[in-house]
Trainee: 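Got a structure for you, questions after.
Quick note: numbers below take in every heavy atom, side chains included, and nothing from hydrogens, waters or symmetry partners.
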Amino acid sequence: MGLFRSKQRSEPAEQAPARQVEPSRLVERLHSRWEELLTKPADVVPAQITATLEELELTFEQPRDEMWFVQLGEELWATMAWVEDVAVLGMILMYAEPPAASLQLLLTNSDGGLGWSSVTDDDDGSQIVATRVVLPMDGFDRQSLILGLEAVAREGSNDPEPSELEQRLRARRDPPEDEPPEPWTERTEAQLQGCLAELGLESEPEGGPGRWRIQSDVGPLVLTVHHAGQALSIAHELGQAWDAEDERIGWWLLQLSDHGCRLALAGVGDDGWIVNSMTVLSALPLSAQALAWGIAKTLDQGQLYRASR
């Protein structure tokens, strides 16, 4: 199989023993609400995923009912897996060689795209640089599936211009309608406010259009609409980084990004790079179940980072 694999040559930084960090009460409440909202659609979703891959005329293999190897380039294969218990579709693309330095990967992690970089363990214990996409789905979501495939294909391409496959996927994702739809940004903003109300959360504008702040017991989160309303990022600032230009620290931050949520560098403060935990959700459409999952994941990642420092 054409999965890109590599032995990671950079050793991760030596980690301090984990310390105890008080869990967020909001995470506990949202996890409970997420479970109330979650439906488990049995084997319906895998069958619909397979049908969509066939409709898109993609080359793929299906070694198990809930796993697919999908060809996205001449030598580019991504692995997809549907995890029914938590209603999440995961995609991963592993590279033969790291596509960039760790600092650049961490900066790119903050751009609001569905795909992000991480360092994961291979079956033989080696370290692999990978692009990940995670899509919480309360039932089958065709548009988000195709948006995720676009993101993985884009990350795997060295060409800054969209590939023929990306353009074809984009055209098939949102077919034209008889009447022009309202802009995705407006739809996403309306969906977000509805989801926040359903979760019992209040927001306030944050520094410009398409940005909101919500409070938690462990600090604020900033929600931002990206890519013309197709995606929503949830960012939680974790303070100043260690010297992220030290490759060992960079690879360690990427290792921590292998838990369904990314760490990202979002600018430089007085004492170094600013670290955010960040989850990006598809907003095609946005659901309260996905938003509860994303906020809880973002805060959980922040707790993991603080405990590991």
Trainee: Is there a donor-acceptor pair closer than 3.5 Å between any side-chain N or O of Q62 and the backbone N or O of W68?
Mentor: no

Trainee: Is T188 reaching over with its side chain to a backbone N or O of G229, donor-acceptor style, under 3.5 angstrom?
Mentor: yes

Trainee: Taking the side chain as every heavy atom from C-beta outward, state whether V119 and D258 have any pair of such atoms under 4.5 Å apart.
Mentor: no

Trainee: To the nearest 0.5 angstrom, please state how far the CH2 atom of W82 sits from the OG1 atom of T50.
Mentor: 12.5 Å

Trainee: For the backbone of L256 and the side chain of Q301, can you confirm whether one donor and one acceptor N or O come within less than 3.5 Å of each other?
Mentor: yes

Trainee: Does some side-chain heavy atom of M91 sit less than 4.5 Å from a side-chain heavy atom of V134?
Mentor: no

Trainee: What are the two closest heavy atoms between L105 and A100, and how far apart are they?
Mentor: CD1-O, 3.7 Å

Trainee: Can you find a side-chain donor-acceptor pair between T279 and T298 that sits under 3.5 Å?
Mentor: yes

Trainee: Are the side chains of L232 and V280 in touch, meaning some heavy atoms are under 4.5 Å apart?
Mentor: no

Trainee: With distance as the sole criterion, is a donor-acceptor pair present between the side chains of S163 and Q167 under 3.5 Å?
Mentor: no

Trainee: Between V133 and V70, is there a shared hydrophobic cluster once you connect ILVMFWY residues whose side-chain heavy atoms come closer than 4.5 Å?
Mentor: yes

Trainee: Will you find, in the side chains of W116 and S257, an N or O donor that is under 3.5 Å from an N or O acceptor?
Mentor: no

Trainee: Check for a donor-acceptor pair, side chain of N276 on one end and backbone N or O of M278 on the other, with a separation under 3.5 Å.
Mentor: no

Trainee: Any link between Y95 and L114 through a network of hydrophobic side chains (Ile, Leu, Val, Met, Phe, Trp, Tyr) touching at under 4.5 Å?
Mentor: yes

Trainee: For the residue pair T59 and W77, establish whether any side-chain heavy-atom pair is separated by less than 4.5 Å.
Mentor: yes

Trainee: Just wondering, do L147 and R173 contact through their side chains at under 4.5 Å, heavy atoms?
Mentor: yes

Trainee: Working to the nearest 0.5 angstrom, can you tell me the gap between R172 CZ and E55 CD?
Mentor: 5.0 Å

Trainee: Output the distance between atom CH2 (W273) and atom CG (L106), rounded to the nearest 0.5 Å.
Mentor: 10.0 Å

Trainee: I'd like to check K297 versus V27 (side-chain heavy atoms, cut-off strictly below 4.5 Å). Are they in contact?
Mentor: no

Trainee: Could you state whether L169 and M137 fall into the same hydrophobic cluster, counting links through intermediate Ile, Leu, Val, Met, Phe, Trp or Tyr residues with side-chain heavy atoms under 4.5 angstrom apart?
Mentor: yes

Trainee: For R306 versus L238, what's the shortest heavy-atom pair and its separation?
Mentor: NH2-CD2, 3.6 Å

Trainee: Hydrogens and angles aside, do Q215 and E202 bring a side-chain donor and acceptor to less than 3.5 Å of each other?
Mentor: no

Trainee: Using a strict threshold of under 4.0 Å (side-chain N to carboxylate O), is an ion pair present between E28 and R25?
Mentor: no

Trainee: Consider only side-chain heavy atoms of I, L, V, M, F, W and Y, link residues closer than 4.5 Å, and tell whether L304 and I249 are in one cluster.
Mentor: yes

Trainee: Please tabulate, for side-chain N and O atoms in residues 205-214, each donor-acceptor pair with protein atoms closer than 3.5 Å (sequence neighbours left out).
Mentor:
from, atom 1, to, atom 2, distance (Å)
E206, OE1, R213, NE, 2.8
E206, OE1, R213, NH2, 3.3
E206, OE2, R213, NH2, 3.0
R211, NE, E206, O, 3.2
R211, NH1, T224, OG1, 3.4

Trainee: Please list every donor-acceptor pair under 3.5 Å in which a side-chain atom of residues 192-200 meets a protein atom from a residue at least two apart or in another chain.
Mentor:
from, atom 1, to, atom 2, distance (Å)
Q193, OE1, S203, OG, 3.4

Trainee: To the nearest 0.5 Å, what is the distance between CZ (R33) and CG (L201)?
Mentor: 10.5 Å

Trainee: Any donor-acceptor pair under 3.5 Å linking the side chain of R132 with the backbone of I92?
Mentor: no

Trainee: Checking side-chain polar atoms at under 3.5 Å, does S24 have a donor or acceptor matched by the opposite partner on Q303?
Mentor: no

Trainee: List the atom of L254, the atom of S117, and the distance in Å for their closest heavy-atom pair.
Mentor: CD2-O, 3.5 Å

Trainee: May I ask you to decide if P220's main-chain N or O and H236's side chain share a donor-acceptor pair within less than 3.5 Å?
Mentor: yes

Trainee: Under a 3.5 Å distance rule, please check whether Q71 uses its side chain to pair with a backbone N or O of E74 as donor and acceptor.
Mentor: yes

Trainee: According to side-chain contact (heavy atoms from CB on, under 4.5 Å), who are the partners of D65, at least two apart in sequence or on a separate chain?
Mentor: none

Trainee: Mind listing the closest non-hydrogen atom pair of E247 and A101 along with its distance?
Mentor: OE2-CB, 4.0 Å

Trainee: Identify the two heavy atoms, one from A153 and one from L165, that lie closest to each other, and give their separation to 0.1 Å.
Mentor: CB-CD2, 4.4 Å

Trainee: Is any side-chain heavy atom of S216 closer than 4.5 Å to one of L299?
Mentor: yes

Trainee: Within this structure, what is the CG-CG distance for the pair L89 and D141, rounded to the nearest 0.5 Å?
Mentor: 9.5 Å

Trainee: Check whether the side chains of S287 and D138 place a donor and an acceptor atom closer than 3.5 Å, and report yes or no.
Mentor: no

Trainee: Specify the closest pair of heavy atoms between L72 and A78, including all atoms of both residues, with the distance to one decimal.
Mentor: CD1-CB, 3.9 Å

Trainee: Hey, could you give me the CH2/OG distance between W251 and S118, rounded to the nearest 0.5 Å?
Mentor: 10.5 Å

Trainee: So if you build clusters from Ile, Leu, Val, Met, Phe, Trp, Tyr with side-chain heavy-atom gaps below 4.5 Å, do V222 and I234 land together?
Mentor: no

Trainee: Is any side-chain heavy atom of L53 closer than 4.5 Å to one of L149?
Mentor: yes

